[in-house]
Participant: 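Just dropping this structure here.
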Amino acid sequence: MNISYAWLLVLLYPIAIVPYTYVTSFFFNDEAAAQNFTIIHNFLIGGLLPIIMNVLRMVKSTKTLGDVLIWFPRFLPIYDTCNGILTISLKDTIATMRKESAPEALSFKAAGGDVMFLCLEFVFYIVVIVIIELGLLN
């Protein structure tokens, strides 16, 4: 299994998840509720959703649906990281099943979108933190 460039996703993950988690912490008044949300959220979004999306992309009758739906949860850093690593590892399999040539690891048919969104999420969530901390939403 060739998982080239998975290291890039692993390096970008902390940069994107820290501001995201800080933003989501404002949704809760209780630390236990925030912790429970974070654990369940990360398991479902990071563990299950990328698998479901990539299975949709592999099945002939749902591949178009999977190619479209895979972009919707891309504003979530845990999804981008897990989906990117999974897509890099499955890109050859998906290409073989579709009778296409295998994309490069950082193309938008593989993990390129995930890398791009991890970088964009860092900037976006930092801006959201500044807006919240300055009280511009009050």
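Note that the structure is predicted; figures quoted are calculated from it, not measured. Note that these values count all heavy atoms, side chains included, but never hydrogens, waters or copies made by symmetry.
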Participant: Is there a side-chain contact between Leu11 and Trp7, using heavy atoms and a 4.5 Å cut-off?
Facilitator: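 They are in side-chain contact.
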Participant: From Asn54 CG over to Ile94 CD1, what is the distance, rounded to the nearest 0.5 angstrom?
Facilitator: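 Going from the CG atom of Asn54 to the CD1 atom of Ile94 covers 4.5 Å.
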Participant: Tell me whether Leu49 is reachable from Tyr20 by hopping between hydrophobic residues (I, L, V, M, F, W, Y) whose side-chain heavy atoms are closer than 4.5 Å.
Facilitator: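 Tyr20 and Leu49: one cluster.
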Participant: Answer whether the closest heavy-atom distance between the side chains of Asp114 and Leu12 falls below 4.5 Å.
Facilitator: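 No, too far: nothing below the 4.5 Å cut-off.
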Participant: Could you state the interatomic distance from SG (Cys119) to CD1 (Ile15), rounded to the nearest 0.5 Å?
Facilitator: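 Answer for the SG-CD1 pair, Cys119 versus Ile15, is 7.5 Å.
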Participant: Using the rule that two of Ile, Leu, Val, Met, Phe, Trp, Tyr join whenever any of their side-chain heavy atoms come within less than 4.5 Å, decide whether Leu65 and Trp71 are in one cluster.
Facilitator: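 Same hydrophobic cluster.
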Participant: Would you indicate whether the side-chain heavy atoms of Tyr13 and Val10 approach each other to under 4.5 Å?
Facilitator: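 With C-beta onward as the side chain, the pair stays apart.
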Participant: Do the side chains of Thr24 and His41 get nearer than 4.5 Å, heavy atoms only?
Facilitator: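 Side-chain contact under 4.5 Å: no.
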Participant: So does Glu100 have more than 12 non-hydrogen atoms from other groups sitting under 6.0 Å from CD?
Facilitator: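 Yes - once you tally the heavy atoms of other residues, nucleotides and ligands closer than 6.0 Å, there are more than 12.
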Participant: A quick test of your reading: do over 12 heavy atoms of other residues, nucleotides or ligands sit less than 6.0 Å from CZ of Phe43?
Facilitator: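 No, CZ of Phe43 has 12 or fewer neighbouring heavy atoms, counting only those of other groups under 6.0 Å.
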Participant: Distance check, rounded to the nearest 0.5 Å: Asp67 atom CG versus Thr62 atom OG1?
Facilitator: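 Going from the CG atom of Asp67 to the OG1 atom of Thr62 covers 9.5 Å.
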Participant: Heavy-atom distance under 4.5 Å between the side chains of Arg98 and Arg57, does that happen here?
Facilitator: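 They are in contact (side-chain heavy atoms under 4.5 Å apart), so the answer is yes.
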Participant: Knowing that exactly one of Asn42, Thr38, Leu44 qualifies, which makes a side chain to side chain contact (heavy atoms under 4.5 Å, CB included) with Ile40?
Facilitator: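 Result for side chain to side chain contact (heavy atoms under 4.5 Å, CB included) with Ile40: Leu44.
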Participant: Is atom CG of Asp30 surrounded by more than 12 heavy atoms (other residues, nucleotides or ligands) closer than 6.0 Å?
Facilitator: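 Counting other residues, nucleotides and ligands, CG of Asp30 exceeds 12 neighbours.
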Participant: Is there a path of hydrophobic side-chain contacts, each under 4.5 Å between heavy atoms, that joins Phe27 and Val128?
Facilitator: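 The answer is no; the residues belong to distinct hydrophobic clusters.
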Participant: Under the criterion side-chain contact (heavy atoms from CB on, under 4.5 Å), I'd like the reasoning laid out for Leu69 against Phe72: C-alpha separation, chi angles, the key distance, then a yes or no.
Facilitator: CA-CA 6 Å; Leu69 289 180; Phe72 287 103; 4.0 Å; yes
Participant: Measure the CG-CD1 distance between Leu136 and Ile131 for me, rounded to the nearest 0.5 Å.
Facilitator: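 Rounded to the nearest 0.5 Å, the CG-CD1 separation comes to 6.5 Å.
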Participant: Given side chains that start at C-beta, do those of Asn83 and Arg74 come closer than 4.5 Å, heavy atoms only?
Facilitator: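 Result yes, sub-4.5 Å side-chain heavy-atom pair found.
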Participant: So, for Ala110 and Pro103, which heavy atoms are closest and what is the spacing to 0.1 Å?
Facilitator: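 Residues Ala110 and Pro103, closest heavy atoms: CB-CG, 4.3 Å.
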Participant: Relative to each other, are the rings of Phe28 and Phe37 parallel, tilted or perpendicular (30° and 60° limits)?
Facilitator: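 Because their plane-to-plane angle lies in the 30° to 60° range, the rings of Phe28 and Phe37 count as tilted.
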Participant: Atom OH of residue position Tyr5 - does it have more than 12 heavy atoms of other residues, nucleotides or ligands inside 6.0 Å?
Facilitator: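 No - once you tally the heavy atoms of other residues, nucleotides and ligands closer than 6.0 Å, there are 12 at most.
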Participant: Can the ring centroids of Phe75 and Tyr79 be said to lie less than 6.0 angstrom from one another?
Facilitator: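 No, the ring centres sit 6.0 Å or more apart.
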Participant: Do Ile51 and Met53 belong to the same hydrophobic cluster, where Ile, Leu, Val, Met, Phe, Trp and Tyr are linked whenever their side-chain heavy atoms lie under 4.5 Å apart, directly or via other members?
Facilitator: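 No.
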Participant: Please report the closest heavy-atom contact between Gly84 and Ala111, naming both atoms and the distance.
Facilitator: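 That closest heavy-atom pairing would be O-CB, 3.8 Å.
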Participant: Is it true that, when you exclude Phe26 itself, more than 12 heavy atoms of the residues, nucleotides or ligands shown sit nearer than 6.0 Å to its CZ?
Facilitator: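 Yes, because the 6.0 Å sphere around CZ of Phe26 holds more than 12 heavy atoms from other groups.
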Participant: First locate atom CD of Glu121, then atom CG of Leu76, and finally report the distance between them rounded to the nearest 0.5 Å.
Facilitator: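 That separation rounds to 7.0 Å.
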Participant: Please check if the side chain of Ser89 supplies one atom and the backbone of Leu86 the other of a donor-acceptor pair under 3.5 Å.
Facilitator: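 Here the side-chain-to-backbone pair exists.
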Participant: Would you name the heavy atoms of Pro50 and Cys82 that are closest together and state the gap between them?
Facilitator: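 The pair with the smallest heavy-atom distance is CG-CB, 3.9 Å.
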Participant: Report the distance from atom CG of Leu106 to atom CD1 of Ile88, rounding to the nearest 0.5 Å.
Facilitator: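 Rounded to the nearest 0.5 Å, the CG-CD1 separation comes out at 6.5 Å.
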Participant: Does Val23 belong to the same Ile/Leu/Val/Met/Phe/Trp/Tyr cluster as Leu120, with side-chain heavy atoms less than 4.5 Å apart forming each link?
Facilitator: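 Yes, one cluster joins them.
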